[in-house]
Amino acid sequence: MSRASPDDGMPLSHRHRRKLLTLLLMFTALFGAIFVVVNFFGARYALMAVEMALTLLTLSLLPVVRTTYHLRRWCLCYLGLLYAATIYALASPTTSVTVFSWVMIMPLTAHLLLGRRLVGLFSVFYLAVAAGLFFWRFGTDVAVSAPGATANIVAVTIWTYLFSYFYEASRESAEQQLSQQALTDSLTGLANRVHLEQAFHRAANEGALPLSVLILDLDHFKRINDEHGHACGDAVLKKIADTLREQTRVDDVVCRLGGEEFCILLPRTDSDAAYRMAERLREAIEALCCRHNDALLALTASIGVASTVKRGGHLDPMLHAADEKLYQAKFGGRNRVVC
Ligand SMILES: Nc1nc2c(ncn2[C@@H]2O[C@H](COP(=O)(O)OP(=O)(O)OP(=O)(O)O)[C@@H](O)[C@H]2O)c(=O)[nH]1
């Protein structure tokens, strides 16, 4: 059996951020080790001690980051340390002006690790402190004698910040669209089976009990396709989806299982209430006035109902139980509910 990954059930970005943080930790350890040597030969022993501590800490974090369920906290921790270390290096009177090149890539790193929401104030504050240090240390030399160079540094820093902000914004929206598509039935816009499973898992584990499931299957749907064409069949499925949406509560999850079969998950609903709801849906479908050209399409549905009061159950046995009731409804003459 394969081991569960800490990224299971998380957004796609989680997996990438874990890899990125691992890579950054490796780079930090490598550069930290190089700076330890450089600072040793430059006789900057306090800075060397900070670099050495940071390198050891970074190495010890590598196995933690690979398995943690609290990735965001570690990303914050890493950035906090990195920000503090670069500010310390910037403030140190013996470091060169080139240390400021690290400031420019910090917003990019922060956006890639944390997304947009947390980065804003965090990075703006950091950039303000770094700029203050820059002018405090080199204000009269670099800024006045080489205003072009200073303008370049400021421009590149702002450019990097804006570029990473807009890159992250479009990546977040693409990810949201993809996850939406992965959970939606493309024809009707209803939830699909994957979404249903997640919703059932949440409801069953968060105690939204009793929990009921309806399986609704249109009667003799094949005839509609055969007599009026597939496009008409598709239009009927969309109309049924709209009806189910209108007739259910916001907490209910309406899903298309496939073909002309739908499932409705009813949290906090016992079998009596589920039966009443199923009857209401059946009547609404029977009352639908669906036309194709001049023909009036007679639509009916059969519905099977299953309920549970047990916490932490699974969807498959519930679907199986509702499916058996559906079979009885079909066998009993269709256009009926069996509970
Ligand atoms: N238009 C359309 N038809 C579909 C879609 N998916 C499945 N079907 C059709 O749905 C029909 C289902 O037929 P059956 O399983 O025999 O069910 P039925 O005719 O409703 O009969 P009962 O369920 O026994 O009442 C088949 O003709 C499928 O081709 C779809 O996305 N669009």
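Just follow the structure's listing: the first ligand is 1, and inside any ligand the first atom is 1. What you see is a predicted model, and the numbers here were worked out from it, not measured in a lab.
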Going by the order shown, which atoms of ligand 1 are within less than 4.0 Å of some heavy atom of [X]?
{"X": "Arg334", "value": "22 (P), 24 (O), 25 (O)"}
{"X": "Asp234", "value": "1 (N), 2 (C), 30 (C), 31 (O), 32 (N)"}
{"X": "Arg256", "value": "5 (C), 6 (N), 30 (C), 31 (O)"}
{"X": "Lys330", "value": "22 (P), 23 (O), 25 (O)"}
{"X": "Asp219", "value": "20 (O), 25 (O)"}
{"X": "Leu218", "value": "20 (O), 23 (O), 25 (O)"}
{"X": "Gly233", "value": "1 (N)"}
{"X": "Gly259", "value": "6 (N), 7 (C)"}

### Task
Would you indicate whether the side-chain heavy atoms of Leu47 and Phe35 approach each other to under 4.5 Å?
no
query: Should Ser302 and Asn335 count as side-chain neighbours, where that means a heavy-atom distance under 4.5 Å?
result: no
**OP:** Would you kindly say whether Tyr126 and Thr86 are connected by a side-chain donor-acceptor distance under 3.5 Å?
**Re:** yes
Interatomic distance, OG1@Thr58 vs CZ@Phe31, rounded to 0.5 Å, equals 13.0 Å
Does [X], backbone or side chain, put an N or O under 3.5 Å from an N or O of ligand 1?
{"X": "Phe221", "result": "yes"}
{"X": "Leu237", "result": "no"}
{"X": "Asn225", "result": "yes"}

Checklist entry - Is His228 near ligand 1, meaning one of its heavy atoms is under 4.0 Å from it? => result no
Given the options Thr160, Val156, Leu127, Val103 meets side chain to side chain contact (heavy atoms under 4.5 Å, CB included) only with Leu127
Is the count of non-hydrogen atoms from other residues, nucleotides or ligands lying under 6.0 Å from His201 atom NE2 greater than 12? no
